[in-house]
Amino acid sequence: MILDLDIGNTLSKWRLKDIASSEIRSRGAVWTREEWRPGPDIPDLDVVSAVRISSVARRAVLDNTVALLRRQVGAVHVARSMPEALGVSCGYREPGRLGVDRWMGALAGYQLTGGCCSVDCGSAITIDFVLPGGRHLGGYIIPGLRLMKESLKLGTRNVAIDPDSEADELLAPGRNTVEAVNHGIYMAAVSAVNRIYSEVCDREGVALPLLLTGGDARVVSRGIRVPHALWPDMVYAGLEASFPLTAAERAGRMSGAPRVPPPVSLEKIRAALAFSMLL
Ligand SMILES: Nc1ncnc2c1ncn2[C@@H]1O[C@H](COP(=O)(O)OP(=O)(O)O)[C@@H](O)[C@H]1O
Ligand SMILES: CC(C)(COP(=O)(O)O)[C@@H](O)C(=O)NCCC(=O)O
Ligand SMILES: [K+]
């Protein structure tokens with residue numbers, strides 16, 4: 001089995017993938033802050049022959065995890081942000097400083113679409129752009145939904161936004177503190193994504209496919225006006241592309257890759273942008 005780890009600042013997600021069939025056998029998540037105690041939510045390492053890790057957690061967390069795994073697993077692959085990989089050139093002046101999750105998303109997104117905007121809605125919401133031809137432009141980082149909520153210190157942090165709530169409900173003015181906070185942070189997030197996407201497509205003169213991933217992607221997706229696709233396993237797909245271990249991966253087929261709707265025309269994006277600037 002292959003153990004894939006996506007270690008974020010909030011949650012450490014894992015999944016077990018069968019090498020022969022390329023099937024995802026099980027998955028789980030543990031809080032990144034906590035020690036990894038053996039338990040139902042930790043994978044059984046005895047069946048694991050290879051591990052692939054994307055980590056943005058503190059260096060110590062990664063080093064401990066790798067040391068623990070290396071004692072029990074033959075091959076441990078640690079992803080790093082690079083100046084260039086799989087046809088993508090990194091837009092950061094210091095490529096090693098780009099979050100590995102963002103780099104994995106850029107690689108997977110480019111492999112699937114040939115150029116895209118990739119949005120990861122996690123502890124932070126990151127928005128990256130890779131142009132057709134593989135030039136990564138760099139991107140944007142804004143606080144994630146939970147961080148925005150906590151920063152308000154209004155004691156509302158444990159009320160998550162229901163991903164299935166009607167989008168227009170979230171547009172309405174809140175009529176109590178929880179609603180006011182949830183509607184406010186939702187509007188902040190979706191307004192930023194819609195505007196950043198439009199501005200960059202306008203500046204670069206190309207309407208890019210839009211991909212969303214991360215724990216809050218479903219909530220944010222409800223407010224994204226332009227056609228887009230949800231890809232929960234997008235960071236994992238970057239690991240598959242970087243360290244292909246199964247026949248399907250070597251054939252460039254990434255697990256859970258969504259059908260990506262064609263973007264609206266550049267003219268429409270520009271018209272909407274101009275209109276929104278008038279308001
Ligand atoms: N099972 C879950 N437990 C806690 N938070 C979750 C869960 N599923 C989704 N979320 C939401 O997703 C966010 C974490 O998303 P994730 O992409 O895993 O973050 P990161 O990669 O930064 O650790 C949380 O802040 C929360 O809003
Ligand atoms: C911005 C991030 C914290 C987002 O991580 P996440 O929300 O997935 O936990 C992560 O990509 C990171 O640590 N980046 C390093 C700084 C940078 O990308 O510029
Ligand atoms: K993430």
Chemist: Assess the side chains of D18 and S21: does a donor N or O sit below 3.5 Å from an acceptor N or O?
Modeler: yes
Chemist: If we only count heavy atoms from C-beta on, is the D128 to Y140 side-chain gap below 4.5 Å?
Modeler: no
Chemist: Can you tell me which residue among I53, L69, V47 is in a side chain to side chain contact (heavy atoms under 4.5 Å, CB included) with L3?
Modeler: L69
Chemist: If the condition is side chain to side chain donor-acceptor pair (under 3.5 Å), which residues does R259 pass it with, not counting sequence neighbours?
Modeler: none
Chemist: Take L212 and V220, measure what side-chain contact (heavy atoms from CB on, under 4.5 Å) needs, and give me the verdict at the end.
Modeler: CA-CA 9 Å; L212 262 62; V220 173; 4.2 Å; yes
Chemist: Is the backbone N or O of L211 less than 3.5 Å from a side-chain atom of H228, with the two atoms forming a donor-acceptor pair by type?
Modeler: no
Chemist: Is there a path of hydrophobic side-chain contacts, each under 4.5 Å between heavy atoms of I/L/V/M/F/W/Y residues, joining L131 to I127?
Modeler: yes
Chemist: With a 3.5 Å distance limit and no angle check, can you tell me whether R52 reaches the backbone of L5 through a side-chain donor-acceptor pair?
Modeler: no
Chemist: Between W31 (side chain) and T10 (backbone), is there a donor-acceptor pair under 3.5 Å?
Modeler: no
Chemist: Is there a donor-acceptor pair under 3.5 Å between the side chain of T113 and the backbone N or O of P209?
Modeler: no
Chemist: Is any side-chain heavy atom of C90 less than 4.5 Å from a side-chain heavy atom of L98?
Modeler: yes
Chemist: Hey, mind stepping through V56 and L62 against side-chain contact (heavy atoms from CB on, under 4.5 Å) and telling me if it holds?
Modeler: CA-CA 8 Å; V56 293; L62 178 60; over 6 Å; no
Chemist: If you measure from CD1 on I24 to OH on Y236, what distance do you get to the nearest 0.5 Å?
Modeler: 8.5 Å
Chemist: Is the closest basic N to carboxylate O distance between R27 and D233 below 4.0 Å?
Modeler: yes
Chemist: State which residue, out of I224, D202, V119, I269, fulfils the side chain to side chain contact (heavy atoms under 4.5 Å, CB included) condition with Y197.
Modeler: I269
Chemist: Is a donor on one side and an acceptor on the other found under 3.5 Å between the side chain of N194 and the backbone of R225?
Modeler: yes
Chemist: For the hydrophobic clusters of this structure (ILVMFWY residues joined by side-chain heavy atoms under 4.5 Å, transitively), does one cluster hold both W103 and M234?
Modeler: no
Chemist: Taking the side chain as every heavy atom from C-beta outward, state whether R102 and V235 have any atom pair closer than 4.5 Å.
Modeler: no
Chemist: Does the distance from a Lys or Arg side-chain N to an Asp or Glu carboxylate O, for E240 and K17, drop under 4.0 Å?
Modeler: yes
Chemist: Are any non-hydrogen side-chain atoms of V73 and S49 less than 4.5 angstrom apart?
Modeler: no
Chemist: If we check side chain to side chain contact (heavy atoms under 4.5 Å, CB included) with D4, which of these qualifies: K13, R15, H77?
Modeler: R15
Chemist: Testing V178, L171, L170, I161 for side chain to side chain contact (heavy atoms under 4.5 Å, CB included) with H183, which one passes?
Modeler: L170
Chemist: Answer with yes or no whether the hydrophobic clustering places V206 together with V193; edges join I, L, V, M, F, W, Y residues whose side-chain heavy atoms lie under 4.5 Å apart.
Modeler: yes
Chemist: Charged N to carboxylate O under 4.0 angstrom, R253 versus E249?
Modeler: no
Chemist: Please confirm whether the backbone N or O of P132 pairs with a side-chain atom of Y110, one donor and one acceptor, at under 3.5 Å?
Modeler: no
Chemist: With a 4.0 Å cut-off on N to O distance, would you call E199 and R195 a salt bridge?
Modeler: yes
Chemist: Below 4.5 Å, heavy atoms only, C-beta onward: do I125 and D216 meet side chain to side chain?
Modeler: no
Chemist: Indicate yes or no for a side-chain donor-acceptor contact from T126 to the backbone of I141 under 3.5 Å, with no hydrogens or angles considered.
Modeler: no
Chemist: Keeping the roles fixed (side chain from T32, backbone from S12), state whether a donor-acceptor pair exists under 3.5 Å.
Modeler: yes
Chemist: Please determine whether residues Y186 and L230 belong to a single hydrophobic cluster, defined as Ile, Leu, Val, Met, Phe, Trp and Tyr linked transitively by side-chain heavy-atom distances below 4.5 Å.
Modeler: yes
Chemist: Is a side-chain N or O of S22 found less than 3.5 angstrom from the main chain of A248, in a donor-acceptor match?
Modeler: no
Chemist: Contact between D6 and L11 at the side-chain level, heavy atoms closer than 4.5 Å - yes or no?
Modeler: no
Chemist: Under a single-linkage definition using a 4.5 Å side-chain heavy-atom cutoff for Ile, Leu, Val, Met, Phe, Trp and Tyr, are L137 and L86 assigned to the same hydrophobic cluster?
Modeler: no
